[in-house]
Amino acid sequence: MDMINSSKNTFDFIVVGTGPAGAVIAKTLTDDKKTSVLVLEAGENNDKDQPISDSRFAPELEEQFYSQYFWQGEGIPQQGVDNRSFEWTTGRLSGGGSSINGEQYVRPTPAVLREWERLLGPLWSPEQAIENFKQLESFHGKTNSPEFHGFNGRLNIRQAPNYPPSMTKKLVTAMEQATGFKKILDYNDPRTPIGPFTRWQLFQKNNGQRESSSTAFLSSDVMTPDGFGVNGRKLRVMYKSTSLRILFNGQTAIGIEFLKEGKKVKAFARKKVIISAGINSAQLLMLSGIGPANDLIQVGIPVVFDNPNVGEFLTNHTLNTATFTVNQRDVSELQRDPFALYTGGAFLPNPLSGINDRRRGVQLIGIFSEGNLTIAILFLQPRSRGAIKIQSNDPLKIVLADEGFLDNRYDMEAIKAIYKTYIKDIAEKLSSIDRNYKLINPTLEMIENDDELEEFIKENFGHNHHQQSSLRMAPFNRGGVVDRFGNVHGVDNLIVADASIIPFTVDGNTSASAYLIGYTIAKHLKE
């Protein structure tokens, strides 16, 4: 009998979402055969669909053609970037964002994790984080420090390509010469967080297939294709199940109301309700009565706990590009490993931070597309903050987000400095290595002209889905929504575990941090 129709719609834990945090939590908790877990996923299991499994589709997945895999929504026009608006969207399928992202595996550096540790204690120290990453990871690549990598975990990480092509080598050599930072082998080695490199670490199996949280933690040795645990595991994953609100008895979370095939259904949790819904987590808390009381009352939501921090402090890395012509003779070599996706990259200090700064402030990603070489430029230390506000008590309406891009003037100055120091010098060195490589957008003249450069940055601004910190993990009086274990302040038996609880901005892609958060919280729950 399906648990949904039986009287047994009560579980030890309910988890909302199958992204990196949710899937890891579900698997880790049900490793104890006595523990029952219900997982709710609004989308379907699309692990076998070619656009999801074949990594070559990763750069294109956000095109409209693949909208069936996404929550659809748009943020409000951004004043800092000429009132342009950007998609406010994430994966709506098994694996969540990990099934549709660009596959880059970038751990937060010890410098960032020390800030977490100072705020939250040793559970979030760099040492503890490295231990947890090692347990999660099955690393396939080269490193000078194998003690920092795991080789027996479930999460396949492939370092690619094995043999860097000429285009990558030329770009990375130019980056070395332009920045003065030596080439590094392994950017996830805590000893070498800064420098250019020829090989990215990717969420991939050795054959180039995508490794998502779904393929790694909800695979056939964990559950059947229709979501029942195997080998005595008390796991039930329900697809096409959209969570509407958290159910409370007073201020104690007791379950979830969700929509399943047009019907409202309730499921109950004996121990904890765990929200791992990514960019939708803030909305789910607000719909359930946890958030700024005035906003909730205005849209007719009864207040369970008044927390003005819910939805605040939203942060996202910035994204811009620089485009180069290439030597056509270098193009065919890229097909040796079509799953490598990227043509080199670098992590560099914030150019505004001064000569002694060795923290990561900038991420450069080489991408060959449409006949040109593009460097994607991410500023990793933005000071701008956005917010997520509830507009309506309708749970099926996408919440409106104001990401606040470039609201803080510092971010614009930092991005301009990246072009004036790094990009300009990389362009000059790359042209001297091979004159077929010329910077065409922006031109060197545009970089030299402050007004033109600013206009270019606004027009060329992109969105990279690195949303974090809208439900910060911090004490309540320091802007927090959850404590160091993910427990939501002011109520009982409710946890949030995903990138929305990141307390201080991470210095790279957010998926690895979401895995870390899920695994750390799951291990604590098992103790």
Quiz item: Is a side-chain N or O of Q283 found less than 3.5 angstrom from the main chain of K397, in a donor-acceptor match?
Solution: yes

Quiz item: Does a donor on one side chain sit under 3.5 Å from an acceptor on the other, for Q201 and D186?
Solution: yes

Quiz prompt | Rounded distance (nearest 0.5 Å) linking atom OG of S281 with atom CD of Q467 | solution = 11.5 Å

Practice problem: Report yes or no: do N509 and S511 form a side-chain donor-acceptor pair below 3.5 Å? | Solution: no

Practice problem: Looking only at non-hydrogen atoms, find the nearest pair between R107 and F148 and report the distance. | Solution: NH2-O, 2.9 Å

Quiz item: Do N436 and Q328 have side-chain atoms, one donor and one acceptor, less than 3.5 Å apart?
Solution: no

Exercise. Using distance alone, with no hydrogens and no angle criterion, decide if H465 and E87 have a side-chain donor and acceptor under 3.5 Å apart.
Key: yes

Quiz prompt | Criterion side chain to side chain donor-acceptor pair (under 3.5 Å) against S55, the qualifying member of E103, R210, K205 | solution = E103

Quiz item: Is any side-chain heavy atom of I426 less than 4.5 Å from a side-chain heavy atom of L171?
Solution: yes

Practice problem: Heavy atoms only: give me the nearest T198-K183 pair and the separation to one decimal. | Solution: CG2-CD, 4.2 Å

Practice problem: Find the distance between CH2 (W200) and OG1 (T343) and round it off to the nearest 0.5 Å. | Solution: 10.0 Å

Self-check item: Q79, CD atom: more than 12 neighbouring heavy atoms under 6.0 Å
Solution: no

Quiz prompt | Flag for N156-H140: side-chain donor and acceptor within less than 3.5 Å | solution = yes

Practice problem: Can you measure from CG (L136) to OG (S213) and round to the nearest 0.5 angstrom? | Solution: 11.5 Å

Exercise. Please check if the side chain of D402 supplies one atom and the backbone of G386 the other of a donor-acceptor pair under 3.5 Å.
Key: no

Exercise. On the 0 to 90° scale, with breaks at 30° and 60°, tag the F197-Y187 ring pair as parallel, tilted or perpendicular.
Key: tilted

Exercise. Compare every heavy atom of I76 with every heavy atom of Q78, then report the nearest pair and how far apart it is.
Key: NE2-O, 2.9 Å

Quiz item: Checking salt bridge (charged side-chain N to carboxylate O under 4.0 Å, His left out) for the pair K389/E312: CA distance, chi angles, key distance, verdict?
Solution: CA-CA 9 Å; K389 299 273 186 225; E312 293 296 313; 2.9 Å; yes

Exercise. With R383 as the cation and Y410 as the aromatic partner, state whether NZ or CZ is under 6.0 Å from the six-membered ring centre and within 45° of the axis.
Key: yes

Quiz item: side chain to side chain donor-acceptor pair (under 3.5 Å) between N162 and R199: does it pass, once the steps are laid out?
Solution: CA-CA 8 Å; N162 282 332; R199 303 172 72 193; 3.1 Å; yes

Quiz item: Given side chains that start at C-beta, do those of E448 and K424 come closer than 4.5 Å, heavy atoms only?
Solution: yes

Practice problem: Compare all side-chain heavy atoms of P349 with those of F181 and state whether any distance is below 4.5 angstrom. | Solution: yes

Exercise. Starting at CG of D49, measure out to CG of D47 and round the result to the nearest 0.5 Å.
Key: 8.5 Å

Quiz item: Do K438 and E428 pass the salt bridge (charged side-chain N to carboxylate O under 4.0 Å, His left out) test, and can you show the C-alpha distance, the side-chain angles, and the key distance before you say yes or no?
Solution: CA-CA 8 Å; K438 283 197 177 61; E428 285 167 5; over 6 Å; no

Self-check item: Residues, nucleotides or ligands: over 12 heavy atoms within 6.0 Å of K420 NZ
Solution: yes

Quiz prompt | F368 ring center near Y342 ring center (under 6.0 Å) | solution = no

Practice problem: Indicate yes or no for a side-chain donor-acceptor contact from Q204 to the backbone of R158 under 3.5 Å, with no hydrogens or angles considered. | Solution: no

Practice problem: Begin from the C-alpha positions of Y515 and F203 and carry the test ring-ring contact (aromatic ring centres under 6.0 Å, His included) through to its verdict. | Solution: CA-CA 12 Å; Y515 281 110; F203 291 107; 5.6 Å; yes

Exercise. Go through the steps for R409 and E454 under the test salt bridge (charged side-chain N to carboxylate O under 4.0 Å, His left out), then give the verdict.
Key: CA-CA 11 Å; R409 181 69 203 172; E454 270 195 34; 2.3 Å; yes

Quiz item: Can you tell if the side chain of M167 reaches within under 4.5 Å of the side chain of R329, non-hydrogen atoms only?
Solution: no

Practice problem: May I ask you to check if R385 and F313 form a cation-pi contact, with NZ or CZ under 6.0 angstrom from the six-membered ring centre and within 45° of the axis? | Solution: no

Quiz item: Would you find a donor on one side and an acceptor on the other, under 3.5 Å apart, between the side chain of Q159 and the backbone of L185?
Solution: yes

Quiz item: Hey, are the side chains of V481 and I501 touching, using non-hydrogen atoms and a 4.5 Å cut-off?
Solution: no

Quiz item: Using the benzene-type ring in the case of Trp, are the ring centres of F86 and F405 under 6.0 Å apart?
Solution: yes

Quiz prompt | R154 side, atom CZ; E137 side, atom CD - distance, nearest 0.5 Å | solution = 15.0 Å

Quiz item: Within the distance-only criterion (no hydrogens, no angle test), does the side chain of S469 pair as donor or acceptor with the backbone N or O of I502 below 3.5 angstrom?
Solution: yes

Quiz item: So, S384 side chain and D407 main chain: donor-acceptor pair closer than 3.5 Å or not?
Solution: yes

Practice problem: Walk me through it: do E41 and T18 pass the test side chain to side chain donor-acceptor pair (under 3.5 Å)? | Solution: CA-CA 6 Å; E41 169 54 56; T18 55; 2.5 Å; yes

Self-check item: Polar side-chain atom of D507 near backbone of R360 as donor-acceptor pair, under 3.5 Å
Solution: no

Exercise. Taking D82 for its side chain and R84 for its backbone only, find out whether a donor-acceptor pair lies under 3.5 Å.
Key: no

Quiz item: With a 4.5 Å limit on heavy-atom distance, are the side chains of M286 and I388 in contact?
Solution: yes

Quiz item: Are Q468 and L314 close enough that some pair of their side-chain heavy atoms sits under 4.5 Å apart?
Solution: no

Exercise. Walk me through it: do D425 and T179 pass the test side chain to side chain donor-acceptor pair (under 3.5 Å)?
Key: CA-CA 8 Å; D425 292 352; T179 65; over 6 Å; no

Practice problem: Calculate, to the nearest 0.5 Å, the distance between atoms OG1 and CG belonging to T520 and L120 respectively. | Solution: 11.0 Å

Self-check item: Any donor-acceptor N/O pair, N316 side chain to N464 backbone, under 3.5 Å
Solution: no

Quiz item: How close do G344 and V172 get, heavy atom to heavy atom, and via which atoms?
Solution: CA-CG2, 4.1 Å

Self-check item: Near-ring test F456/F461, centroid separation under 6.0 angstrom
Solution: no

Practice problem: Step through it carefully: locate the ring centre of Y437, locate the ring centre of F324, and say whether they are under 6.0 Å apart. | Solution: no

Quiz item: Counting N and O atoms only, with roles assigned by atom type, does the side chain of N45 sit under 3.5 Å from a partner on the main chain of Y239, one being a donor and the other an acceptor?
Solution: no

Quiz item: Regarding T242 and R92, is there a side-chain donor-to-acceptor distance under 3.5 Å anywhere?
Solution: yes

Quiz item: Do we get R472 above F504's six-membered ring, with its NZ or CZ under 6.0 Å from the centre and within 45° of the axis?
Solution: yes

Practice problem: Given side-chain contact (heavy atoms from CB on, under 4.5 Å), test S94 with L218 step by step and report yes or no. | Solution: CA-CA 9 Å; S94 193; L218 300 175; 4.2 Å; yes

Practice problem: Taking all heavy atoms of G480 and all of N309, pick out the closest pair and write down the distance. | Solution: O-ND2, 3.0 Å

Practice problem: List the atom of I25, the atom of A497, and the distance in Å for their closest heavy-atom pair. | Solution: CD1-CB, 3.6 Å

Self-check item: Audit row: S392, D394, side chain to side chain donor-acceptor pair (under 3.5 Å) steps and yes/no
Solution: CA-CA 5 Å; S392 145; D394 179 354; 5.0 Å; no

Quiz item: Should T90 and F70 count as side-chain neighbours, where that means a heavy-atom distance under 4.5 Å?
Solution: no

